[in-house]
Amino acid sequence: MSESPQPRDIPERPQGPEQDAALQRDGARHHDEATRAAHSSRTSRAARAQGGDERPVATVAQRDALTRPTAVLDEAHLGDIEGALGRIRLGDEQRSGWRRQLVTFLAIMGPGLIVMVGDNDAGGVATYAQAGQNYGYSLLWVLLLLIPVLIVNQEMVVRLGAVTGVGHARLINERFGRFWGTFSVGDLFLLNFLTIVTEFIGVSLALAYFGVSQYISVPAAALILIVITTSGSFQRWERAMFLFIAASLVIIPLAWMSHPRWSQIGYHFVVPGIQGGVNSTAVLLIIAIVGTTVAPWQLFFQQSNVIDKRITPRFIKYERGDTTMGAFVVVIGASLILVAAVYAVRGTSLAGHFTDALGVAEALRAKAYVLGALFAIVLLDASIIGAAAVTLSTSYAFGDVFNLKHSLHRSFRDAKAFYATYAVMIAAAAGIVLIPHAPLGLLTEAVQALAGVLLPSASVFLLLLCNDIEVLGPWMNRRWLNVLAGVIISVLLVLSGTLVVDTLFPSFNAAATAIWIAIGMVVSGIIAAIYLQMTKSRRPPRQPHPATTMTAAERLNWRMPPLALLKPVQWSTGTKLGVLTLRAYLVVSVLLLIVKAVQLGTSHS
């Protein structure tokens, strides 16, 4: 007999005096913050009286919000916002005026931009270059369509981070049970580790262009990443990331010197098509573009990075701007890489025969040495940013789930387990790349396949969390956003299913597979809608939640209460059925992919 679906595995929590003591400690901690805010406001009044710098006075609503216990798990996540381009002190209010708003935006900017630029990593550079080398400008429309997908997904993550103060992995564990919590961290670790390996493959290929041995380039890159991250300063880490982002701007002169054909570029951005017609290879490349641009690690990284930067609901609009800007930056960067790859093989026999990113750099060298060098720098820079962000997302998740101190504001001595997890993953991934005859090509393929399987599940739980009123209160998704997110998840499921089927059964036609999966989902959706409509009268009416009637000021100061105080998740019949189906799909798909990987590894040995 199959196990009956349970809406939630309730983790053990301290009860009675232990729970009361924990809540009192939370309240005391926030009381200390309120005291500092009040002291800050008194200091500002004294400064104004003496003609000094003006500092805004903390409002009563803000002081009350600080005294309420929240779910923020780590004291390091409370205090001033210390960004690479500015600082916002605790208790400061947002003042009107474009200058003040610009200063605030510059201080907030970081998590959205870093997560997006980090997404154009070594695998991304290789995938976009392959699209350009094999299909010219014809796949640019795919990149344009990814902008709303990136913005919708990551905007939901921004709200979760700012409002809850709790990482993505811990929220899944607390709200959906141990199975999904363990699964989310387990698959994140596996996928992220394989992705980090591909980043070091990118490092070795990039510096090989300049004649540097991988036995020098890979360990050096690993050491740089560890030193930057274990500095014990969030601000220093973010400034280092901004320096790498600035270095990636060499893609602009590279693309400009690649003699872009602007009329063709404009046409292919807005008119869908595939050079040479639709075939399985092209469909799988489109899936790879989506998979490398919309990756599961992004959700975990940005939510935790928003928390680590101490961004609260009052600054959500600025972080939304940061995320939106990052989405455009990532697509523009991907498009310029594609443009450079088109030029690299234009008029040569290499067109349509992609090998790897180094092959594109060598093709550009034939045009001019500086072009190949710029492309190699782009690949190197992308690999380092990607490795930093992907590894950090894993360390954040481990800290969340295992209740470890996990903040870049802490020193190495104060958060040994957090930084050790980061360093060990970096060292292990770099070591695998240095193993002679390691199946690096197989690992790269495994990353794409596994990412395709796991992305829909990550998006589903993101959507469920953003509709959990206990978690987001007045910041829950609006109905139009749920509809848009549902469409996006449906498309991701079609692409995921197509990739899994093609990986397991290469003889199948990918385009036909995608069509049949889409038809099956539409039919299933219609059946589910009819069933839910027929059972509507049996469901109890939904009671209004106090959070739905909050004023604008109350909304800006609302944060999720301690996890121990949240009501259990109440799942509808449709949600239970959907989640159980998703669980079955994931288990079967991952097992089949493991079998396939073993078969390929055995055949290559």
Side-chain angles (χ1 to χ4, degrees), residues 71 73-74 77 110-119 121 123 149-150 152-176 180-196 199 229 234 237 241 291-309 311 319 323 326 385-404 406-408 417-418 421-422 425-426 429 447 450-466 471 489 492 586:
L73 300 174
D74 196 327
H77 297 152
L113 184 61
I114 293 170
V115 74
M116 295 297 184
V117 175
D119 199 41
D121 58 357
V149 176
L150 288 167
V152 168
N153 266 18
Q154 297 306 123
E155 188 278 336
M156 289 192 283
V157 167
V158 166
R159 277 183 286 126
L160 281 173
V163 174
T164 69
V166 177
H168 203 68
R170 189 175 184 90
L171 280 180
I172 292 175
N173 186 72
E174 293 287 338
R175 301 304 285 164
F176 305 120
W180 289 113
T182 304
F183 185 88
S184 65
V185 175
D187 66 46
L188 182 74
F189 176 82
L190 176 60
L191 178 59
N192 282 7
F193 183 74
L194 294 176
T195 303
I196 300 164
E199 310 299 1
T229 305
F234 184 97
W237 174 85
M241 291 299 101
T292 194
T293 309
V294 187
W297 69 264
Q298 292 176 274
L299 310 179
F300 293 83
F301 172 83
Q302 189 171 3
Q303 184 166 333
S304 291
N305 204 236
V306 163
I307 297 167
D308 207 5
K309 194 165 184 177
I311 294 173
E319 185 52 31
T323 300
I385 298 174
V390 174
T391 312
L392 191 56
S393 73
T394 314
S395 298
Y396 275 142
F398 268 68
D400 265 313
V401 171
F402 297 108
N403 200 25
L404 305 172
H406 55 291
S407 172
L408 293 172
F418 170 64
T421 302
Y422 183 95
M425 287 192 70
I426 288 288
V447 168
L450 194 58
V453 172
L454 300 178
L455 180 57
S457 67
S459 299
V460 166
F461 283 107
L462 173 62
L463 186 59
L464 290 174
L465 286 171
C466 286
V471 170
I489 291 174
L492 293 177
L586 289 172

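Side chains are part of it too, since the values below use all heavy atoms of this structure and drop only hydrogens, waters and symmetry mates.
- To the nearest 0.5 angstrom, L462 atom CG is 8.0 Å from Q303 atom CD.
- Here F418 contributes atom CZ and Y396 contributes atom OH; the two are 5.5 Å apart, rounded to the nearest 0.5 Å.
- Residue pairs that meet the salt bridge (Lys or Arg N to Asp or Glu O under 4.0 Å) test with at least one member in residues 156-165, sequence neighbours left out, are E155-R159.
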Between W297 and V115, is a side chain to side chain contact (heavy atoms under 4.5 Å, CB included) present by the stated rule, with each step listed? CA-CA 9 Å; W297 69 264; V115 74; 3.9 Å; yes
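- Going from atom CG of L392 over to atom OG1 of T421 covers 11.0 Å, rounded to the nearest 0.5 Å.
- Among residues two or more places apart in sequence or in another chain, the side chain to side chain contact (heavy atoms under 4.5 Å, CB included) test is passed with A429 by F193, I196, V197, F200.
- With values rounded to the nearest 0.5 angstrom, Q302 atom CD is found 10.0 Å from L113 atom CG.
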Please assess T391 against E199 for the test side chain to side chain donor-acceptor pair (under 3.5 Å), listing each intermediate value before the final yes or no. CA-CA 11 Å; T391 312; E199 310 299 1; over 6 Å; no
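- In terms of the side chain to side chain contact (heavy atoms under 4.5 Å, CB included) criterion, residue partners of I385 (sequence neighbours excluded) are, by chain and number, V117, F244, I245, D381.
- Residues S459 and L492 come closest through the heavy atom pair OG-CD1, 3.6 Å.
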Before you tell me yes or no, could you show the steps for D119 and Q298 under side chain to side chain contact (heavy atoms under 4.5 Å, CB included), namely the whole-Å CA-CA distance, both residues' side-chain angles and the distance that decides it to 0.1 Å? CA-CA 8 Å; D119 199 41; Q298 292 176 274; 3.6 Å; yes
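- Under the side chain to side chain contact (heavy atoms under 4.5 Å, CB included) criterion, L463 pairs with M156, N467, N477, N482, A485, I489, sequence neighbours left out.
- Y422 meets the ring pair (Phe, Tyr, Trp, His ring centres under 6.0 Å) test with no other residue; sequence neighbours excluded.
- A distance of 10.5 Å separates CG of D400 from NE2 of H168, quoted to the nearest 0.5 Å.
- Counting all heavy atoms, side chain and backbone alike, L188 lies closest to A397 at CD2-CB, 3.6 Å.
- Judged by distance alone, with hydrogens and angles left aside, the side-chain atoms of D308 form no donor-acceptor pair with the main-chain N or O of F234 at under 3.5 Å.
- In plain terms, the two heavy atoms of A417 and L404 that are nearest each other are CB-CD1, 3.9 Å.
- Here the closest non-hydrogen pair linking G161 and V306 is C-CG1, 4.0 Å.
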Determine, step by step, whether I311 and N305 satisfy the side chain to side chain contact (heavy atoms under 4.5 Å, CB included) criterion, reporting the C-alpha distance in whole Å, the side-chain angles of both residues, the deciding distance to 0.1 Å, and the verdict. CA-CA 9 Å; I311 294 173; N305 204 236; over 6 Å; no
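- Between W237 and F301, the angle of the ring planes lies from 30° to 60°, which puts this pair in the tilted group.
- Judged purely by atom type and a 3.5 angstrom limit, E319 uses its side chain to pair as donor or acceptor with the backbone of G112.
- One side chain, N192 or S393, offers a donor N or O that lies under 3.5 Å from an acceptor on the other.
- With sequence neighbours excluded, the residues satisfying side chain to side chain contact (heavy atoms under 4.5 Å, CB included) with V401 are A169, V185.
- Contact check for Q154 versus L299: side-chain heavy atoms found under the 4.5 Å cut-off.
- Side chain of H77 to main chain of H406: a donor-acceptor pair is present (N/O by atom type, distance under 3.5 Å, no hydrogens or angles).
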Residues R175, F461; criterion side chain to side chain contact (heavy atoms under 4.5 Å, CB included); working and verdict: CA-CA 10 Å; R175 301 304 285 164; F461 283 107; over 6 Å; no
